[in-house]
Every structure is written in structure tokens, then in C-alpha cells.
Amino acid sequence: MVPGYALRGSVGLNYDLEQFTSLGMYWQSVKSFTFDDAVVLSDGIARDLDFDHPENLGIGIANNRLMNGKLLLAVDILYKQHTKCAFLGEIYKDQWVY
């Protein structure tokens, strides 16, 4: 096991459609890791491993009208762009998550 650190940026907007209903959307950048000497081959040569978490686009709607504002009902739709990623792009196709 080797340590790895990465930065990821996020930007989002939220809009109140009415008193109890809001609409939101956001974008998250790719989070890229490089694990130094993560794989050691049988001949003793160490290789680095590049690993990315995908870029995400999300939109959602929420309503808290029920139970005097104590019950929040929400639906989110997320698009994950795996094909642009190192490592995970070889395993996964782009996905819609509901």
C-alpha cells in the first residue's frame, strides 16, 4: 500500500423554485492520483499507477413541504464520465446514476 493525494474542484448552483422546492446542479472535476512504485513486477522493477475518479455532472430537485418541513424528498441525476479516466476508464463505461 502506498499513499496518494489528489485535488478535486466543485462548482454548484442552487435555485429556490418556490418556498418548499429547490433545484440544484453541480460539476466536479476529475480527481487524479499517481501512486509511486505501486506495482512491483517479478523482475523487481517498480511501476507507478495512475488512477482517476471521474468528472461528474449532477442535477437534483428537492421538496420539504411534507410533515411540517421535517421530511425532505429529493431526486438526483448524476452523469459520471469514466471513459476520460486513467484506470477506471478501462473498466467502466460512462454512467447515469439516479
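In what follows, residues are counted from 1 in the order of the sequence shown.
- Looking only at atom types and distance, the side chain of T34 has no donor-acceptor partner in the side chain of D48 under 3.5 Å away.
- Residue Y92 is not grouped with residue Y98 when hydrophobic side chains (ILVMFWY) are merged at heavy-atom distances under 4.5 angstrom, including chains of intermediate members.
- Interatomic distance, CG of N14 versus OG of S22, reported as 4.5 Å (0.5 Å rounding).
- Listed by first then second residue, pairs satisfying ring-ring contact (aromatic ring centres under 6.0 Å, His included) with a partner in residues 54-74 number zero, not counting sequence neighbours.
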- Between K84 and E55, does a side chain to side chain contact (heavy atoms under 4.5 Å, CB included) hold up when you go through it step by step? CA-CA 8 Å; K84 296 180 179 180; E55 179 180 17; 4.0 Å; yes
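- When the side-chain contact (heavy atoms from CB on, under 4.5 Å) test is applied to I45, the partners found at least two apart in sequence or on another chain are D43, R47.
- With sequence neighbours excluded, the residues that form a side chain to side chain donor-acceptor pair (under 3.5 Å) with K80 are N56.
- With a 4.5 Å cut-off on side-chain heavy atoms, Y26 and L78 count as touching.
- Put simply, M25 and V97 are part of two different groups of oily side chains (I, L, V, M, F, W, Y) that touch within less than 4.5 Å, one to the next.
- Separation of atoms CD (Q95) and NE2 (H82) is listed at 4.0 Å; rounding is to 0.5 Å.
- K31 approaches R8 most closely through the heavy-atom pair CB-NE, 3.8 Å.
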Less than 3.5 Å apart, which donor and acceptor atoms pair up between the side chains of residues 58-76 and the rest of the protein, not counting sequence neighbours?
| residue | atom | partner | partner atom | Å |
| --- | --- | --- | --- | --- |
| N63 | OD1 | R65 | N | 2.8 |
| N63 | ND2 | T21 | OG1 | 2.7 |
| R65 | NH2 | E18 | OE2 | 2.8 |

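- Listed here is the closest heavy atom pair of L88 and P54: CD1-CD, 4.4 Å.
- The stretch residues 86-98 participates, sequence neighbours left out, in no salt bridge (charged side-chain N to carboxylate O under 4.0 Å, His left out) pair at all.
- Partners of Y79 by ring-ring contact (aromatic ring centres under 6.0 Å, His included), not counting sequence neighbours, listed by chain and number: W96.
- Judged as a side chain to side chain donor-acceptor pair (under 3.5 Å), and not counting sequence neighbours, the contacts of D52 are S32.
- For V40, the side-chain contact (heavy atoms from CB on, under 4.5 Å) partners at least two apart in sequence or on another chain are A46.
- Under the ring-ring contact (aromatic ring centres under 6.0 Å, His included) criterion, H53 pairs with F33, F51, sequence neighbours left out.
- Under a 4.5 Å side-chain heavy-atom cut-off, the cluster of Ile, Leu, Val, Met, Phe, Trp and Tyr residues that includes L41 is completed by V39.
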